There are 2 protein chains.
Amino acid sequence: MLKNILDNKESYQPGLSIDCVIFGFHDNQLKVLLIKTKYSDKWALPGGFVPVDEDIDEAAVTVLHGRTGLRGIFLRQFSTFGAAKRCSVDVSNTVLEFYGIPLDEGKWYASRFVTVGYYALVDFLQTVPQPEGNNDIVEWIDHNIVPELVLDHKEILDKALETLRMELNLMPVGYNLLPEKFTIPELQKLYETILGRKLDRRNFLRKITAIGILRKLDEKKSNVAHKAPNLYSFDKEKYEEVLKNGLTQGW
Amino acid sequence: MLKNILDNKESYQPGLSIDCVIFGFHDNQLKVLLIKTKYSDKWALPGGFVPVDEDIDEAAVTVLHGRTGLRGIFLRQFSTFGAAKRCSVDVSNTVLEFYGIPLDEGKWYASRFVTVGYYALVDFLQTVPQPEGNNDIVEWIDHNIVPELVLDHKEILDKALETLRMELNLMPVGYNLLPEKFTIPELQKLYETILGRKLDRRNFLRKITAIGILRKLDEKKSNVAHKAPNLYSFDKEKYEEVLKNGLTQGW
DNA sequence: ATTCAATTGCGTTATAGTGACGCAATGTAC
DNA sequence: GTACATTGCGTCACTATAACGCAATTGAAT
């Protein structure tokens with residue numbers, strides 16, 4: 001795989017990569033899709049390179065699709081990381097050796113890479129994590145217990161979450177992270193998990209319904225321990241409208 | 001100059017550039033520092049390349065310092081632009097011809113460049129626009145009447161202003177854009193100009209003083225047409241504190 | 001010198017938004 | 001039935017915000 005890229009390195013933007021922080025929500029946990037390659041004991045963000053004739057946004061879509069099988073998902077650039085020391089020759093050489101690629105052939109790969117960070121919000125249940133060439137493991141990991149990551153990937157992840165928190169004040173969230181039918185408490189948990197703090201049930205209900213993006217269904221959640229909460233779905237049209245025009249309130 | 005870079009192209013990150021949107025405030029106008037090269041009839045944002053052994057943030061500082069003579073100024077990355085078509089071979093070749101550089105030697109320069117956008121806030125009066133090698137004109141231009149720019153520089157400028165508008169809700173602004181002593185109406189004009197709309201005088205005064213970053217001086221502005229407004233200066237300590245912790249209110 | 005017009009600085013008021021909390025209704029467990 | 005956790009709706013006090021009033025100050029006009 002890397003071999004393919006090196007053999008066609010003229011087709012790729014040199015020294016530039018894409019890293020995606022893919023968020024999912026399940027079991028009341030905010031999860032991040034991470035990969036672990038066989039040649040390293042650390043986890044990493046899913047990433048890729050940029051074909052010279054492709055927009056970087058397109059390249060990010062390709063990465064997202066390659067790892068989740070999903071398209072048409074919320075995906076947003078949030079920052080670019082270009083520290084001088086952000087490429088470790090050791091790491092690169094380990095990878096090259098693993099693939100049996102001579103070091104001089106892999107010079108392209110071993111130089112300093114500037115990476116553009118994107119974050120995505122996807123539906124956990126519709127996602128099929130896809131390892132690439134059976135050489136690595138792709139897994140959802142609770143954002144609270146992410147292990148040590150390669151290079152500066154932890155910093156990238158933190159920045160993505162920080163950005164998501166900020167943008168929560170500017171846009172609605174949930175359409176891409178929750179299943180079609182959900183309850184208000186579930187949506188609240190999502191917000192609480194992203195923000196990292198508790199919200200008042202009653203105030204949350206008031207504010208979230210006031211936005212006008214929810215459609216109350218004539219149906220209650222079944223098999224629950226206590227009073228059955230009502231089910232809701234997003235009003236796609238209103239949701240898109242608010243996503244475009246932005247919110248005016250904050251959490 | 002470009003020749004120097006091409007001769008040492010191994011020392012620069014290939015296919016990557018920095019573009020800076022440098023804002024200044026003067027005569028109640030928000031101005032942008034633009035350059036016009038002799039070989040083009042369009043204006044452009046000041047930009048530069050990234051040495052392989054330098055952080056991209058450092059490279060941005062270098063660009064800012066090179067064009068304004070300033071250091072230690074508010075400078076922030078806001079977005080990265082990587083459309084596939086964002087480099088015009090025509091433009092590149094024109095430049096190469098101007099410098100008398102053979103096209104094959106300039107291949108490095110003529111390929112697609114991804115550019116990282118930074119915006120800066122500087123003190124207009126302390127800025128000495130510095131042309132580079134007498135080959136170009138550097139000038140402050142009112143952001144309302146910027147002429148046509150090369151490539152996608154207009155898009156970059158617009159995005160910078162949009163970001164600045166957003167961040168106005170999160171941080172105080174003015175310390176880098178105004179002289180040491182200023183009046184509340186001047187500060188208000190700055191805010192109005194950035195936001196592109198009028199604010200109520202009396203509400204503005206109340207909110208801006210409530211933040212606690214202003215120090216009222218025992219001095220009034222002289223030589224003014226009407227009632228002399230009081231002079232203020234920023235309380236550097238409080239200002240830095242708010243800059244770090246962020247604002248909670250919006251405009 | 002007096003008046004005028006523009007501007008500043010401080011205030012008031014009505015309304016909307018926010019945080020904190022009360023309480024009845026609903027459903028499970030025993 | 002009783003106990004208990006959770007949901008859904010409502011209340012209340014407080015704060016923030018927008019809209020506007022008005023006296024004081026100053027240079028310019030008369």
Side-chain angles (χ1 to χ4, degrees), chain A residues 27-28 165 168-172 174 178 181-193 195-233 242 245-251, chain B residues 27-28 165 168-172 174 178 181-193 195-233 242 245-251:
Chain A
D27 280 341
N28 286 340
R165 272 179 194 159
L168 215 55
N169 292 321
L170 306 173
M171 67 184 191
L178 293 175
K181 297 176 181 181
F182 55 89
T183 68
I184 297 283
E186 279 164 5
L187 183 57
Q188 182 180 341
K189 280 279 175 3
L190 171 60
Y191 271 79
E192 288 181 339
T193 311
L195 292 171
R197 62 186 169 89
K198 288 268 166 209
L199 300 173
D200 184 277
R201 267 186 329 110
R202 296 151 281 190
N203 294 335
F204 181 80
L205 173 66
R206 180 159 30 102
K207 286 179 72 169
I208 203 78
T209 50
I211 298 174
I213 53 173
L214 296 178
R215 202 198 331 265
K216 189 174 185 171
L217 302 177
D218 204 15
E219 197 177 345
K220 285 181 194 301
K221 182 139 184 149
S222 50
N223 294 328
V224 285
H226 302 286
K227 176 174 177 178
N230 214 302
L231 284 171
Y232 286 78
S233 69
V242 175
N245 300 334
L247 290 173
T248 53
Q249 41 100 228
W251 305 98
Chain B
D27 281 341
N28 285 339
R165 273 179 194 158
L168 215 53
N169 293 320
L170 307 173
M171 65 184 192
L178 293 176
K181 298 176 180 182
F182 55 90
T183 68
I184 299 284
E186 279 165 6
L187 183 57
Q188 181 179 342
K189 280 280 174 2
L190 170 60
Y191 272 79
E192 287 181 341
T193 311
L195 293 170
R197 64 186 168 88
K198 287 267 165 210
L199 299 174
D200 184 276
R201 263 188 331 113
R202 295 151 282 189
N203 294 334
F204 181 80
L205 172 65
R206 181 155 30 93
K207 287 180 71 169
I208 204 78
T209 50
I211 298 173
I213 53 173
L214 295 179
R215 201 199 330 264
K216 190 174 183 171
L217 302 177
D218 203 18
E219 197 178 344
K220 287 180 191 301
K221 184 146 182 139
S222 50
N223 293 326
V224 286
H226 303 286
K227 175 173 178 178
N230 214 301
L231 283 170
Y232 286 78
S233 69
V242 175
N245 300 334
L247 291 173
T248 54
Q249 40 99 232
W251 305 99

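Everything numeric here is computed off the predicted structure, so don't read it as measured data. In what follows, every chain begins at residue 1, and chains take the letters A, B, ... in the order their sequences are listed.
- Scanning residues 184-192 of chain A for heavy-atom distances under 4.0 Å to DNA chain C yields an empty list.
- Checking C/dT18, C/dG11, C/dT7 against every side-chain atom of A/Lys207, the shortest atom distance belongs to C/dT18.
- Each of A/Asp200 and A/Asn223 was assigned the nucleotide of DNA chain C with the nearest heavy atom; the assignment lying further toward the 5' end belongs to A/Asp200.
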Working for side-chain contact (heavy atoms from CB on, under 4.5 Å), residues B/Met171 and B/Val242 = CA-CA 7 Å; B/Met171 65 184 192; B/Val242 175; over 6 Å; no

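- For A/Glu219 and A/Lys181, the salt-bridge test passes: some basic side-chain N is under 4.0 Å from an acidic carboxylate O.
- First and last contacting nucleotides of DNA chain D toward chain A (any atom under 4.0 angstrom from a heavy atom, 5' to 3' order): D/dA5 to D/dG10.
- The closest donor-acceptor contact from the side chain of B/Trp251 to the backbone of B/Leu195 lies at 3.5 Å or more, if one exists at all.
- Under 3.5 Å, the side chain of A/Arg206 and the base of C/dG19 form at least one donor-acceptor pair of N or O atoms.
- A/Lys216 comes within 4.0 angstrom of sugar-phosphate atoms only, judged by non-hydrogen atoms across all strands, and of no base.
- Rounded to an integer number of Å, the gap from A/Ile208 CD1 to C/dT18 P is 12 Å.
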Mind running side-chain contact (heavy atoms from CB on, under 4.5 Å) on B/Lys207 and B/Gln249 for me, showing each step along the way?
-> CA-CA 9 Å; B/Lys207 287 180 71 169; B/Gln249 40 99 232; 2.8 Å; yes

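- Between A/Asn203 atom CG and C/dG22 atom C1' the separation is 13 Å, expressed in whole Å.
- To the nearest 0.5 Å, atom CG of residue B/Asn223 and atom NZ of residue B/Lys220 are 15.0 Å apart.
- Checking C/dG19, C/dC21, C/dA5 against the side-chain heavy atoms of B/His226 singles out C/dA5 as nearest.
- Judged by closest nucleotide on DNA chain C, B/Arg201 is the one of B/Arg201 and A/Lys227 placed further toward the 5' end.
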Can you check side-chain contact (heavy atoms from CB on, under 4.5 Å) on B/Thr209 and B/Leu205, steps first, answer last?
-> CA-CA 6 Å; B/Thr209 50; B/Leu205 172 65; 3.8 Å; yes

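- With B/Glu192 contributing its side chain and B/Lys198 its backbone, the two residues share no donor-acceptor pair below 3.5 Å.
- Here the P atom of nucleotide C/dT18 and the CZ atom of A/Phe204 are 13 Å apart, to the nearest Å.
- Comparing B/Gly250 and B/Lys220 by the nucleotide of DNA chain D whose heavy atom lies nearest to each, the residue mapping closer to the 5' end is B/Gly250.
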With side-chain contact (heavy atoms from CB on, under 4.5 Å) as the test, would you mind laying out the steps for A/Leu214 and A/Phe182 before giving the verdict?
-> CA-CA 10 Å; A/Leu214 296 178; A/Phe182 55 89; 3.8 Å; yes

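- Between A/Leu205 and B/Trp251, the residue anchored closer to the 5' end of DNA chain D is A/Leu205, taking for each the nucleotide with the nearest heavy atom.
- With hydrogens and angles ignored, the 3.5 Å screen pairs no side-chain donor or acceptor of B/Gln188 with any backbone N or O of B/Phe204.
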